[in-house]
Number of protein chains: 2
Amino acid sequence: MGNLYLYWNLQVTGDRRKLPRPKVLEVRSVMLIGEVAKAAGMTPKTLRFYEEQGLLPPAQRGLNGYRQYGDDSVARLDFIARGRAAGLSVSQIRNILAVREPGNAPCAHVQDILAGQLAELDQKIAELTALRAGVAASYEAVAAGNPATCDQSRVCSYL
Amino acid sequence: MGNLYLYWNLQVTGDRRKLPRPKVLEVRSVMLIGEVAKAAGMTPKTLRFYEEQGLLPPAQRGLNGYRQYGDDSVARLDFIARGRAAGLSVSQIRNILAVREPGNAPCAHVQDILAGQLAELDQKIAELTALRAGVAASYEAVAAGNPATCDQSRVCSYL
DNA sequence: CTTGACCTTCCCCCACGGGGGAAGGTGCAG
DNA sequence: CTGCACCTTCCCCCGTGGGGGAAGGTCAAG
């Protein structure tokens with residue numbers, strides 16, 4: 001966990017003279033990618049991947065080129081994690097986040113996406129249930145049959 | 001649809017003189033990869049892929065290098081298609097077929113695999129059902145909420 | 001003879017969600 | 001000074017189930 005000082009901010013904008021020393025004007029904490037990844041239960045690789053995929057805005061860089069993250073990044077990553085745990089794909093999460101960018105709440109959009117997710121889940125559940133019924137029928141047939149009666153010409157007459 | 005003649009068989013072993021002409025000693029029908037693929041509702045690419053993956057034995061080759069298939073291949077491909085339709089992975093199907101190779105019926109093995117499939121499907125259905133419940137709860141929260149009350153610091157307070 | 005429809009091998013490509021590891025820079029401690 | 005742990009970019013890899021297309025051989029018909 002590093003610290004970001006006004007020192008740095010003003011160095012960027014030009015004048016650094018007459019400014020208080022570091023440790024005096026601490027502005028906000030800055031985390032390295034590994035720390036923020038750990039805080040979000042992910043790996044640095046995953047964070048770079050999310051940035052590349054547009055789930056995270058291009059991170060601020062320190063003078064050494066290191067990515068700098070604040071607590072808001074952890075919150076955003078938590079949101080992403082919740083979305084993925086909810087079965088949303090990366091692109092769906094990107095859609096939600098993109099809609100929010102301008103500042104307007106994406107609730108309606110989120111609602112649409114969630115409705116789509118519900119329909120998709122119902123579809124998948126129905127497919128798997130039908131598949132399960134078919135597999136169960138095959139299983140019953142195999143369990144009831146005698147291996148000796150297997151039709152050699154069909155590899156397995158029960159499947 | 002081509003025809004395989006004794007002619008070819010004996011040409012391979014050497015002496016082809018004194019042999020009956022083709023069309024006389026027809027032995028069995030031989031299909032090209034495209035025909036057999038079409039009969040099985042697949043593409044030639046898929047058949048080569050299955051051969052590479054060990055689902056099909058390395059095909060016999062004609063003198064021109066073309067793969068040669070018989071009706072047994074269609075039956076085997078139908079088995080594979082049934083297995084895939086039943087949700088079996090390529091490697092699971094390979095296991096079943098491998099067990100059958102020596103000649104013993106793999107019914108017990110098939111039964112084990114189907115039992116595993118059932119357990120796996122039940123697991124997946126349970127997961128998706130739980131996920132659906134969570135998504136539905138989020139949906140209800142979003143639908144009941146007022147966008148104006150969105151907590152800007154949390155991206156979307158309902159997810 | 002030419003054309004078209006087959007076939008062969010070869011290698012690269014898709015989505016998905018990242019992981020592995022190389023080669024090189026950085027920062028702090030001993 | 002030398003480790004060590006961290007960071008950077010880069011490119012390739014996993015598994016799943018094939019698809020696309022190039023470059024070249026083969027075969028029958030017109």
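Labels below follow one simple rule: chain letters A, B, ... track the order of the sequence lines, proteins then strands, and each chain is numbered from 1.
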Please compare A:Arg84 and B:Gly34 by the position of their nearest nucleotide in DNA chain C and report the one closer to 5'.
B:Gly34
For nucleotides 23-25 of chain C, which of its nitrogen or oxygen atoms have a protein nitrogen or oxygen under 3.5 Å away, and what is each distance?
| residue | atom | partner | partner atom | Å |
| --- | --- | --- | --- | --- |
| C:dG25 | N2 | A:Tyr66 | OH | 2.6 |

Tell me every residue that passes salt bridge (charged side-chain N to carboxylate O under 4.0 Å, His left out) with A:Arg132, counting only those two or more places apart in sequence or in another chain.
B:Asp122
What distance, rounded to whole Å, do you find between the two C1' atoms, one in C:dC16 and one in D:dT9?
23 Å
Results of side-chain hydrogen bond (donor to acceptor under 3.5 Å, both in side chains) for B:Thr46 - residues two or more places apart only:
B:Thr43
Tell me which pairs pass salt bridge (Lys or Arg N to Asp or Glu O under 4.0 Å) where either residue lies in residues 36-46 of chain B, with sequence neighbours left out.
none
How far does the C1' atom of D:dC14 sit from the matching atom of C:dC10, given to the nearest Å?
22 Å
Looking at A:Arg61, I'd like to know whether one of its side-chain N or O atoms comes within less than 4.0 Å of OP1 or OP2 on C:dT26.
no
Within residues 44-54 of chain A, find the residues that approach DNA chain D with a heavy atom at under 4.0 Å, and present them sorted by residue number.
A:Lys45, A:Arg48
As a check of understanding: the bend across the helix from C:dC1-D:dG30 to C:dA15-D:dT16, end axes from five pairs, rounded to 10 degrees, works out to 30°
side-chain hydrogen bond (donor to acceptor under 3.5 Å, both in side chains) involving A:Ser91 - partner list, sequence neighbours excluded:
A:Ser89
Mind checking what makes side-chain contact (heavy atoms from CB on, under 4.5 Å) contact with A:Ala126, not counting sequence neighbours?
none
B:Ala39 meets the side-chain contact (heavy atoms from CB on, under 4.5 Å) criterion, sequence neighbours left out, with B:Met31, B:Val74
Just jot down the side-chain contact (heavy atoms from CB on, under 4.5 Å) partners of B:Glu51, sequence neighbours excluded, or say none.
B:Leu56, B:Pro58, B:Ala59, B:Arg61, B:Arg67, B:Tyr69
5' precedence on DNA chain C between B:Ile33 and A:Val90 (nearest-nucleotide basis):
B:Ile33
